[in-house]
Student: 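Can you read through this structure? Questions will come right after.
The chains referred to below are lettered A, B, ... by the order of the sequence lines, with proteins before strands, and numbering in each begins at 1. Values in this document were obtained by computation on a predicted structure and should not be read as measured data. Just the heavy atoms: all of them, side chains too, but no hydrogens, waters or symmetry mates, feed the values below.
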Amino acid sequence: MPAQSLLQFTGKSIYCAVADAHIDPWIPVDRAIITHAHSDHARWGSKHYLAHKDSEPILRLRLGQDISLQTVEYYEKFVINGVTFSLHPAGHIIGSAQVRVEYKGEVWVASGDYKLENDNFAKPFEPVKCNVFITESTFGLPIYKWQPQHEVMTEIDNWWRQNKNEDKASVLMGYSLGKMQRILKNIELQDKVIYAHGAIYTLNERLRQAGFDLPELTLVTKETDRKLFRGSLVLAPPSVDSSTWIKKFAPYSLGYCSGWMALRGAKNRRAVDQGFVLSDHVDWPDLNTAVKESGAEKVYVTHGYTSIYARYLNENGIEAGEVHTMYGNEDENEEEEVVQDISAGTEAYQQHKESLDEEITINSKSTIKSPQQGI
Amino acid sequence: MNLDRTNKTNAKVELMKQYFLTASDEDKLWALTLFTGRRPSFKVNRTMVKEWAAEEAGIPMWLFQESYHSVGDLGETISLLLPNNKVDGSDRSLTEWFRYLGMLPGMTDEEKHDHILQAWMQLSQHETFVFNKLLMGSFRIGVSQTLVVRALAEATETDSNVIAHRVMGQWEPAGTTFEQLILDKGENDNASRPYPFFLAYPIEGDVSGLGNPEDWFAEWKWDGIRSQIIYRNNELFIWTRGEELSTEKFPELHFLSEILPNGTVLDGEIVSYMDDKPMPFNVLQTRIGRKNLSKKVLEEAPVAFLAYDILEANGVDIRGLTQQQRRVELELVHQKAPSQLVFNLSPLIDFKEWAVLRELHTLSRQNIAEGFMIKRKESTYQVGRKKGDWWKWKIDPLSVDAVLIYAQKGSGRRAELFTDYTFAVWGEDGKLVPFAKAYSGLTDVEIGQVDYFIKRNVLEKFGPVRTVKPELVFEIGFEGINESSRHKSGIAVRFPRILRWRKDKKAEEADTLEALKGILEMYR
């Protein structure tokens, strides 16, 4: 064993001292290797970024057009001070990568966020043999077992169809980056016109401009005739259910795509009409498969059920440790994401903002539900 | 049924109504059994069921427990953990499932294991969840009894007051039929059956908003147990709110069977009562949970009944009379009874102007009352919580500013959030002393923010409990305060709850234990 680990958990990133490179740092650094463009992994302010080329459009949208960004292909090797790095498909969202780090015959893999199922948009996860595997554990409990994707997509198709029959809008919430592209690639597009909230519209446009095969969306604006929402699909980020923006779609049915929808408690708390259990993270069986296929003799467990999963691995003959990071707050960061999209200053976003303001002036009363009183 | 898929009241009522219109009478009766909290016990040991499920899922027990902590509901946890590929399982009816479960009590543990596993094997995930609920209870499906009554009333085109009355009282699915229970017009109703309680709304704004003081009665709002005392067919029944038949718990009141005329139903408050005056609720609390009421307990916490309404006189339902008329009837019944300290009328407060009442209101605590009840003289006795005729005007709770120091995840709809908090005040040695747990009082947004803080400021873990960096300050309200040898702080507060988040305060600025003890002195 070397005196110092190849990768270290410094409290600000996953750090390679020999190469002086940080993986997914949560404070500004000189050299940042980014696993994927979600805002809890790709943070603002570093001097130089390196990421997969498919992450570029989103990284520039979110972190600024003028960031210093080097992009690579999957499997392409780059060497920094004798340390060999390469990115490998993680299947989480477009451009998402596991970072393979090799030095003097020892291999570490920092997998960022990942899932094993092919979502027909991100390049599917590929296991990478290594000595040490760093894994997320967002859904690292045996209660989380996903249904096959096509079943969930059929549920969404049926829900939309039923709402259409009842002349209601189908407002479908999910993370703008990842979930929405996955949905668009896998559901049956029942209409030519699909409506979208500004956060999703902006991302979709950016990805289309970069050449990705995604359907064109229609931005919801102040001018959009509300009658047109009847029977239509409206895509929205998860923060809208407590906003007044959503009122313009009435009558509507509210759906939410998230792994957390597996629990009745979470579903009831969000007060959605229909929860779709769809996640871009591994479930319990796939997490165990990934760990096994990495062949690692040592595993570090980051964001999620870290202590639980580390204990489980230790009891099952795989040495594991838990690591505290600042990853895994996609939920909270959705709000941030919207703000950053506004700072990108596109014209579309301006229109979207106007459509928000309009609602707010009509009704400034919050629709947030207060919790039940009493013990 | 898709009942738990919707949060909308009308949709729920409609779903239940459809069920009551289409299901078989047997199934309807079982559904009603569940909705009204009468699920029979199938004599299964929860610990064993957990072990069977963990074994079936192929996970160690500690991992089962961690999963349970995350989900918050045992039946749901098991349904998520079992290996399950069934899409649509069984077509057994509710009645058939209850029959299947009804075989359990006579079985050995091994037979129970096989019987339950056999069911799990053939059910889909959602069905397993429902099955577990039938098996082990806590069948909360987000419908109140009021909603069930409404749906049933609509489905049978019967007045909802009648239905409410019919589903109350003592009945078991084995001893009746849907026909007998709900549809029989003949009043061969169970003699024990209470009337649904009429509940008050908290007053909004100033009391003068109620208009002319002459239209209203005011009484102290007693801090006891709301109860109905029924004497019919020469038998006495004492019901407490929450629909519990508690006759045996109050032997002091059994003499009422000798002085009340047959066909009498009184509404009032059971309070602890000593030296001719009511005592704080905590005195009563010492005997509530006990199975055996020893002589000592009865001596230390005697009770009295303070009557404030009469719902049935001489066997006639008189809820349709006005408050004023019922008060006259009540006083008649009381006058005829020999003078007894333990059967009193809740006195009417003499006031001509709201100002007088406002003045008296400040004396509530000295009178061991929680404020006033204000009732419209012309009002009938209604069902459930209705706005307009009965108001409660409660005193402001006592409060201190305290620091959040421990947190635990909630259950049910709050399973993934830290929502159960323990609060502390500063002790004399400069250390924080925990004194109260509170669950409610924050908005969903605030809960989210507090949860966000907790997840990033965990100092230690003890099982499901997290020690949190002492930083957030909350104003904690409570209704009463007492000495307690069971608590580290030496103090127990009643009904603690979060009044507001004091974002303006630092932890150092929270209150001290000394201040709490000061409040205790004041209200002892």
Student: Among all residues two or more places apart in sequence or in another chain, which pass the ring pair (Phe, Tyr, Trp, His ring centres under 6.0 Å) test with Tyr300(A)?
Tutor: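 Checked Tyr300(A) against ring pair (Phe, Tyr, Trp, His ring centres under 6.0 Å); matches are Phe9(A), Trp108(A).
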Student: Could you measure the distance from the NE2 atom of His126(B) to the CZ atom of Arg264(A)? Nearest 0.5 Å is fine.
Tutor: 7.5 Å
Student: What's the spacing between Ile59(B) CD1 and Trp284(A) CH2 if we round to 0.5 Å?
Tutor: 7.5 Å
Student: Can you see which heavy atom on Leu263(A) is nearest to which on Ser70(B), and at what distance?
Tutor: CD1-O, 3.9 Å
Student: Among His324(A), Glu315(A), Gln147(A), which has the most heavy-atom pairs under 4.5 Å with chain B?
Tutor: Glu315(A)
Student: Starting at CZ of Phe64(B), measure out to CG of Leu141(A) and round the result to the nearest 0.5 Å.
Tutor: 12.0 Å
Student: Is it the side chain or the backbone of Leu82(B) that comes within 4.5 Å of chain A heavy atoms, both, or neither?
Tutor: backbone
Student: Would Glu66(B) and Tyr312(A) count as a side-chain contact (heavy atoms from CB on, under 4.5 Å) if you check the C-alpha gap in whole Å, the side-chain angles of each, and the deciding distance to 0.1 Å?
Tutor: CA-CA 11 Å; Glu66(B) 290 286 0; Tyr312(A) 180 81; over 6 Å; no
Student: Closest approach of Ala262(A) and Leu80(B), non-hydrogen atoms and distance?
Tutor: O-CD2, 4.0 Å
